[in-house]
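Everything on this sheet refers to the single structure shown next.
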Amino acid sequence: MSGRSGGERLARVLVVVSLALLVGGCGWFSWVPWIGDRDKGPDPMKPADLVDFVPEARIERLWRASVGKGLGRKYLRLNPVVVANRVYAADGYGVVEARDRFSGKRVWRSEISPYNLAKGGRFSGLTGFNFFDRTDPSYVSGGVGAGGGLVLMGTTGGTVVALSATDGREIWRVYLGSEILSRPAFGDDAVFVQTIDGRLLALEEDDGSVRWSFDIQVPVLTLRGTASPVFEGGVVYAGFANGTVSAIRTENGEPIWEHRVMLPEGRSELDRIVDVDGSPLLAGPLVYAVAYQGQLKALRRADGNALWQLDHSSHLDLAAGYGHVYVVDETDAVIAIDEQTAREVWRQDSLYRRKLSSPQAFGNYLVVGDDDGYLHVLAQSDGRFLARQKLDGKGIRSTMTVAEGRTLYVLGNSGSLQAVEIEAR
């Protein structure tokens, strides 16, 4: 890998710069007098104003707590995770907490360092580099995962840290050499981790040693994100930056099948970005996957063959419920697709460019957070707005977690961890 270090560094810089341009558009150069002055029309990148509606449900906050210093300015998405009667959450600066999920009372608090203690050195290089804010020292970038009595995190320096779910003490850490942006998964006595350089690794539960590694060739330009692997029934499903989804045996790392969700198209490297950054969604005999600048597909879990496909672009996780698959596209339209027929059932365009979180479906509700910190509650049946409440002044970016189909756990960008329930009026 040392021979590729120079190319990898260049690729990292190009990735971040391209993302900045994709997100910011011409607004990045608006300070130049002759740029933007001639455009007297509406700004196509301006977020939509919130629309009025008659509330049909209310959001009840059960408790609220603060976890560390928040998620910082590196676009981190650290989801809370629920196991038994506890909810685990982390901030971007090494604080990890376990709280009673019913009361919010803290059970334990730990701090993980940015150092790779096994190697005796601190992480360095462009894996820890941030184009947007070099002064932000956050380094917990992948998490939170849990299983087998462990709470799991990954760092920008390429280290996976496993803590005891009981008391928060460190059990092991292992250095993988490349940034980890997705939450680790657990199954078959192994921890599954994806790195930004295109590797999926299985680590042994007891000491973090590598059981096997599965590699793909990473394109020159990619989005700064990584799909989280998903485990079920002796198979781990993973999406990659080259536009593929793979099913891999957890025992030995043998690929069962690989499906290309989208082929790179276009002349420029920007046009050819087709990352599968949303986690594969398992629903019965099917797995759903979506690619950026690509397609949404329903695949058979047995062999990876596609049952249907639609042109949709997204880098967020999918959700399912009410017989629908839900996708938030690159314009922040929320779309419901019939699982069987691939028919578009409804589309909610009123949250245009509000930088939504991944959707979460439970009960009769579909919820998304936005960059202003609002939690939006939609009806799964037709996408109409049912409720709205501002939960975090710095925004909601992380995927939300549901426990027992009723309680929703939301980690805001400020580090505010809240448990809420939705009740019909």
Mind checking salt bridge (Lys or Arg N to Asp or Glu O under 4.0 Å) for Arg109 and listing every partner two or more places apart, or none if nothing turns up? Glu97, Glu111
With side chain to side chain contact (heavy atoms under 4.5 Å, CB included) as the criterion, how do Ile337 and Tyr288 come out once you've worked through the C-alpha distance, each side chain's angles and the decisive distance to 0.1 Å? CA-CA 11 Å; Ile337 308 296; Tyr288 299 93; over 6 Å; no
Have a look at Asp370 and tell me which of Arg354, Arg388, Lys355 forms a salt bridge (Lys or Arg N to Asp or Glu O under 4.0 Å) with it. Arg354
Can you name the residues that form a side chain to side chain contact (heavy atoms under 4.5 Å, CB included) with Leu62, not counting sequence neighbours? Glu60, Thr407, Ala419, Glu421
Side chain to side chain, Arg397 and Ser357, heavy atoms closer than 4.5 Å: no
Under the 3.5 angstrom rule, does the side chain of Lys69 hit a backbone N or O of Tyr93 as a donor-acceptor pair? no
Taking the side chain as every heavy atom from C-beta outward, state whether Glu204 and Val174 have any atom pair closer than 4.5 Å. no
Start with the C-alpha distance between Arg260 and Val274, add both sets of side-chain angles, then the distance that settles side chain to side chain contact (heavy atoms under 4.5 Å, CB included), and finish with yes or no. CA-CA 10 Å; Arg260 188 168 291 278; Val274 291; 5.5 Å; no
Would you name the heavy atoms of Ala320 and Glu339 that are closest together and state the gap between them? CB-OE2, 3.9 Å
Are Phe385 and Leu378 side-chain neighbours, meaning at least one heavy-atom pair lies under 4.5 Å? yes
Locate the shortest heavy-atom distance separating Gln194 from Gly239; write the atom from each residue and the value. NE2-O, 3.0 Å
Take Leu316 and Arg77 through the side chain to side chain contact (heavy atoms under 4.5 Å, CB included) test and state the conclusion after the steps. CA-CA 11 Å; Leu316 299 173; Arg77 293 185 289 173; 2.9 Å; yes
At what distance, to the nearest 0.5 angstrom, does CG of Asp329 lie from NE2 of His312? 7.5 Å
How long is the straight-line distance from CG of Leu408 back to CD1 of Ile59, given to the nearest 0.5 Å? 9.0 Å
Between OG1 of Thr331 and CE of Met45, what distance do you get to the nearest 0.5 Å? 10.0 Å
With rounding to the nearest 0.5 Å, note down the distance linking CG in Leu200 to CD1 in Ile248. 5.0 Å
A quick test of your reading: do over 12 heavy atoms of other residues, nucleotides or ligands sit less than 6.0 Å from CD of Glu251? no
Looking at every heavy atom in both Ala291 and Val276, which two are closest together, and how far apart are they? CB-CG2, 4.1 Å
Would you sort out whether Lys297 and Val245 count as a side chain to side chain contact (heavy atoms under 4.5 Å, CB included), showing the intermediate values? CA-CA 10 Å; Lys297 287 190 175 183; Val245 172; over 6 Å; no
Can you tell me how the ring of His324 sits relative to the ring of Tyr326, calling it parallel under 30°, perpendicular over 60° and tilted otherwise? perpendicular
Sidechain-backbone polar pair: Arg99 side chain, Ala65 backbone, donor-acceptor under 3.5 Å: no
Less than 4.5 Å apart, any side-chain heavy atom of Met153 and any of Leu78? no
If you look at every heavy atom in Ala57 and Ile422, which pair is closest and at what distance? CB-CG2, 3.9 Å
Do the side chain of Thr401 and the main chain of Pro80 share a donor and acceptor less than 3.5 angstrom apart? yes
Nearest 0.5 angstrom please: Thr226 OG1 to Asp277 CG, how far? 6.0 Å
Looking at side-chain heavy atoms only, is the closest gap between Ser113 and Arg173 below 4.5 Å? yes
Residues forming a side chain to side chain contact (heavy atoms under 4.5 Å, CB included) with Phe231, sequence neighbours excluded: Asp188, Phe192, Thr250
Nearest heavy-atom contact between Leu71 and Ala90 is CD2-O, 4.2 Å
Please identify each residue that fulfils ring-ring contact (aromatic ring centres under 6.0 Å, His included) with Phe214, with sequence neighbours left out. Phe240
Would you mind reporting whether Leu296 and Trp308 have side-chain heavy atoms less than 4.5 Å apart? yes
What heavy-atom pair brings Leu366 and Ala361 nearest, and what distance separates the two atoms? CD1-CB, 3.9 Å
Non-neighbouring partners of Ser414 that pass side chain to side chain contact (heavy atoms under 4.5 Å, CB included), sequence neighbours left out: Asp392, Lys394, Ser416
Donor-acceptor check, side chain of Tyr409 to backbone of Ala403, threshold 3.5 angstrom: yes or no? no
Looking at side-chain heavy atoms only, is the closest gap between Asp189 and Arg211 below 4.5 Å? yes
Would you say the side chain of Glu258 lies within less than 4.5 Å of the side chain of Ser246, judging by non-hydrogen atoms? yes
Do any N or O atoms from the side chain of Gln293 and from the backbone of Met262 form a donor-acceptor pair under 3.5 angstrom? no
Spatial distance of atom CD (Gln360) from atom CG (Asn79) [nearest 0.5 Å]: 10.0 Å
Charged N-O contact under 4.0 Å between Lys390 and Asp372: no
Please name all residues satisfying ring-ring contact (aromatic ring centres under 6.0 Å, His included) with Tyr352, sequence neighbours left out, ordered by chain then number. none
